[in-house]
Amino acid sequence: MKRRSVLLIGALSGLAATTGSCSSDWEGPNDPEFTNRLRIPPLADPQPTAGVKRFSLDLLADRRSEFLPGLTTKTWGINGSYLGPTVRVARGDRVQMAVTNRLNEATTLHWHGMRLPAKMDGGPHQMIAPGATWRPEWTINQAAATTWFHPHLHEKTAMHVYRGLAGLLLIDDPNGPNLPSDYGVDDVPLIIQDKRFDRDGALNTGGVNSGTFGFLGNQILVNGTYAPFFQVRTELVRFRLLNASNARVYRLGFADGRQFQVIATDLGLLERPVTVDRVKLSPGERAEIVVRFTTGEQAMLDSRGENEKQANDIEEEDFQLLKLIAAAPLTGSAPLPDALGGDPAEAPPAGAHRRTFVLSGSEINGKDMDMTRIDEVVPAGAHEIWEIDNTTYAHNFHIHEVPFRILEINGAAPPAYQQGPKDTVFIPKNAKVRLSARFGTYTDPVSPYMYHCHILRHEDKGMMGQFVVVEPGTEDRVPRTIGSGHDHD
Ligand code: C2O
Ligand code: CU
Ligand code: CU
C-alpha cells in the first residue's frame, strides 16, 4: 500500500506538501497483510412497478466507516456509510430514480456514461436542495457497459466524491456474449480511490481544493476496503475497474507481470479481447478485464508508475491494491469468446464538423465555466471531430451524453485496448487528442450537457463547458445565454 517511491520523490523534489507525507498522517504498516475481505457493493433492489424499475438512492452524511484497523472514519454514502449500491439494469429498461438529498447542503447526482435527456443528466443544473427528492426517469438505450454515478455540483464535486458519494450503474444486454456475470463471484467491481487519513482515522481533506492537481492520497481503498483480499473461486474473473479518484492516474496490472484480456472500455465491449499487461486509467475512466487464475495461487493487483517525475506533470506512483487468493479447486469457466460483439468504430464522414478545445491551466478555450453560457450547439445526430489541444500539464476530457472513439493521440492511433467506446480520455502534458463522436437525439435548447476535465480539482475550478443538442437547422436560433441554471421540475 505504501508508495515504493516515496523516499525518492521526497528526496529529489522536496514536494512534501503536494505529494502528501505529513507527520500527522496515519501511515499504517509498511507491508500490510491484505487480510480485509474485499467489500462488494450490494446490488440495489428495484421496487417492482409495472414496466418500470424504480430505485431509491439516499445521499447520506455523517456516517461512520471502519477502513483502518481499530479506527473509525466519518464518511458520506449512498444508502449506506460509504459509496453506493450497484444499480444493475438492462438495455431497454425504463428506469425511475428517486434521489433524496439527506446532506445538509445542496448537491446533484450525475449518471456518468449514460445517454439520456439533458434534464435527467444530474449535472450542475439539476441541483437537489437538502431534504428534496429528484426523480429523473429515462429508458436505457445504449450498449452494455460499466457506468457510474456521482455528485456534480458546481465547485463542490471534488469534496462530495472524496467523502464517499459514488456508485456503479451496470448495463447488461440480454443479447450480449457469454461473459462472466455472477456479481461478486466472477463479475467483480473494483472502485479504486486514493485517500489520506489523519492519525485518528479521519479523512484528511487537505489538497481536495488546492494544489495543481488537487487531492493525491497515499492510501488506496478498493470498494471502500483498505488492504483488501478477494477469494477467487472461478478460473476466469471479470473485473470492472473504475478510477473514482479525484486526480490519481493508475497503471493497473499484476505484480507477477501476467497478461490479461481487456474486454470493454468506458462505454461498452471491444470487438474482440485485447491482451495486455497494464491498463492506464485516469479519473472517471473504466475498463473491464478478464483474468485467468490457477488453482491455489495468489496474485497481487497493483499500479505501477511509468512516467519520470517531471515538473508540472501528474505523478504516477506504485501501489499494491488487491490480493487475489485462488481456491483449490477452482470452478471451470466458459472460454472467453473471440468476438465480443462490440460495435466497430464508425469513421467520421468526410467534412465532419470539427471543434477545437484548447486546454490551459484550468480553462478551456481561455474560459472558465459559466453556468449561464452555452459554449457549443450541436445538431442532433451529428457525427463530429473534437480536437483537444493540451497546452499545459496533464488533464483528461470527459463528454456527457456521447460515446466517442479516440482517433489519435499525438497523431498516432491509441493502444488497441483503448479503441472501444469511451467517454473520458487521458490527455498527457502538451498532447493533442482527436475524438470522433456521434451525438444523440435528445434535443433541448436550454438544458446543456457538460464537457470537462475529470480531475476534480480542475472541474471545480471551472475547467468545464456546456453544450446543447438541438434540432438540426435550428442552431442559429438557440439562445447562447440561459437562466441561472436551476431546473425546477
Ligand atoms: Cu463523471 Cu461530468 O462527470
Ligand atoms: Cu459524466
Ligand atoms: Cu485537468
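Note that ligands are numbered from 1 as they come in the structure, with each ligand's atoms numbered from 1 the same way. The structure displayed is predicted, hence computed values, not measured ones.
Residue R135 places its CZ atom among 12 or fewer non-hydrogen atoms of other residues, nucleotides or ligands, all under 6.0 Å distant.
Within H458, ND1 is the N, O or S atom that lies nearest to the Cu ion (ligand 3). The closest approach of H395 to the Cu ion (ligand 3), by N/O/S atoms, is made by ND1.
The aromatic rings of W386 and F397 stand perpendicular to each other, their planes meeting at an angle above 60°, with 30° marking the opposite boundary. Ring planes of H110 and H152: perpendicular class, angle over 60° (limits at 30 and 60°). Aromatic ring orientation, H400 versus H452: perpendicular (interplanar angle above 60°, classes split at 30° and 60°).
Because the distance cut-off is set at 2.8 Å, H150 qualifies as a neighbour of atom 1 (Cu) of ligand 1 through one of its N, O or S atoms. Among the backbone and side-chain atoms of H152, no N/O/S atom is found under 2.8 Å from atom 1 (Cu) of ligand 1. Look at H398 and the Cu ion (ligand 2): an N/O/S atom of the residue is under 2.8 Å from the metal. Taking backbone and side chain together, H454 holds no N, O or S atom under 2.8 Å from the Cu ion (ligand 3). At least one N, O or S atom of H110 sits under 2.8 Å from the Cu ion (ligand 2). Checking H110 against atom 1 (Cu) of ligand 1, every N/O/S atom stays at or beyond the 2.8 Å cut-off.
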Self-check item: Stepwise side chain to side chain contact (heavy atoms under 4.5 Å, CB included) test for E288 and F239
Solution: CA-CA 6 Å; E288 295 181 29; F239 292 108; over 6 Å; no
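Rounding to 10°, one obtains 100° for the angle at atom 1 (Cu) of ligand 1 between NE2 (H454) and ND1 (H112).
For the pair K195 and Y162, the cation-pi test (distance below 6.0 Å, angle within 45°) is passed.
Using a 4.5 Å heavy-atom threshold, the side chains of Y82 and W76 count as separate.
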